[in-house]
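Lettering of chains follows the sequences in order, A, B, ..., and the numbering in each one begins at 1.
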Number of protein chains: 2
Amino acid sequence: MVQHQTHHLDAVFHALADPTRRHMLRRLAEGEQSVGELAAPFQMSFAGASKHVRTLENAGLVRRTVRGRTHICRLEPAPLEAADEWLRFYERFWGERLDALERELKKPETTTPSGGCDD
Amino acid sequence: MVQHQTHHLDAVFHALADPTRRHMLRRLAEGEQSVGELAAPFQMSFAGASKHVRTLENAGLVRRTVRGRTHICRLEPAPLEAADEWLRFYERFWGERLDALERELKKPETTTPSGGCDD
DNA sequence: CAGTTGCTAAACTAATTGGTTGAATATCTA
DNA sequence: TAGATATTCAACCAATTAGTTTAGCAACTG
């Protein structure tokens, strides 16, 4: 099983907390993109966009392959899955009836059903 | 239907990008907590923790009711659902076979199946 | 070879962040 | 009323961030 450490989530959520970077991920969902292609839609300087790609890469959301002089990026879904997993802990709070979940949660000392040390 | 605007996600993901705040949310999943109770487990100053609660509140993740001199916080799941919804767009990238999804994604000009203007 | 292209690196700025402390406010309690 | 409790507010600091510009480095192209 993949270890979802807390500082991973820090980086992942932080990377997602920016519209430019989220937009880049959406583009990458359509297929591989060079840094230049990723940067193109934005007003900002090329170097600026390149830094966004870098933070995505540092968060593990993007993997880069250098082919010639162009850097080809592709989506790395694992950290997104980790983030989703974290979020889904709260799934019962939406959708479900509230009184039902209150009963569920009042069961004493069932600290974390998923048994993790994550926060 | 709830409108999930981009700046909402900015604030939500940013709020989640901090272990202290994620920890607070976990505590709130067990039930209502006062700001003091939320602050207690942490080394930092009370005012510091109070600021974290505030950012959670600003992101819409926490709702506060003032009862007497204590502020009672409870979890507000809607933004978590919005974040999860955003993440689940990428669900096919994990779990699913990769070649299958490549075929799916190569369907030309199906920009965003969920039909939104979100990023 | 010279020039252009794709990209990173470095240095800088302005704004934001996470944290502190000390004071202010309001509520409960003796 | 006086004091303790629960909390925010304001001012401040150090570190980080998002952005810029300029320069540099490979790798293609003629």
Could you go through residues 39-55 of chain A and list every donor-acceptor pair under 3.5 Å that involves a side-chain atom there, pairing it with any protein atom two or more places apart or in another chain?
unit_1	atom_1	unit_2	atom_2	d
A:Ser45	OG	A:Gly48	N	3.0
A:His52	ND1	A:Arg21	NH1	3.1
A:Thr55	OG1	A:His52	O	2.8

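- Rounding to whole angstrom units, CG of residue A:Asp10 and C1' of D:dT17 are separated by 15 Å.
- At distances below 3.5 Å, not a single donor-acceptor pair connects side-chain atoms of B:Arg22 with backbone N or O atoms of B:Ala15.
- Between B:Asp84 and B:Arg88 a salt bridge is recorded (basic side-chain N to carboxylate O distance below 4.0 Å).
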Nucleotide by nucleotide, nucleotides 19-29 of chain C touches protein heavy atoms under 4.0 Å in the pattern (B base, S sugar-phosphate only, - none) BBB-----BB-
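- In this structure, A:His71 atom NE2 and D:dC28 atom P are separated by 11 Å, rounded to whole Å.
- Rounded to an integer number of Å, the gap from CZ of A:Arg54 to P of D:dG19 is 16 Å.
- Annotation: salt bridge (charged side-chain N to carboxylate O under 4.0 Å, His left out) contacts of B:Arg74 (sequence neighbours excluded): none.
- With rounding to whole Å, B:His14 atom NE2 is found 11 Å from D:dT16 atom C1'.
- Within the 4.0 angstrom heavy-atom criterion, no nucleotide atom of any strand lies near A:Thr55.
- Summarising the geometry, the separation between CG on A:Asn58 and C1' on D:dA18 is reported as 15 Å, rounded to the nearest angstrom.
- Note on A:Leu56: it does not cluster hydrophobically with A:Ile72, by side-chain heavy-atom contacts below 4.5 Å among ILVMFWY residues.
- Between the side chain of B:Tyr90 and the backbone N or O of A:Glu81, no donor-acceptor pair lies under 3.5 Å.
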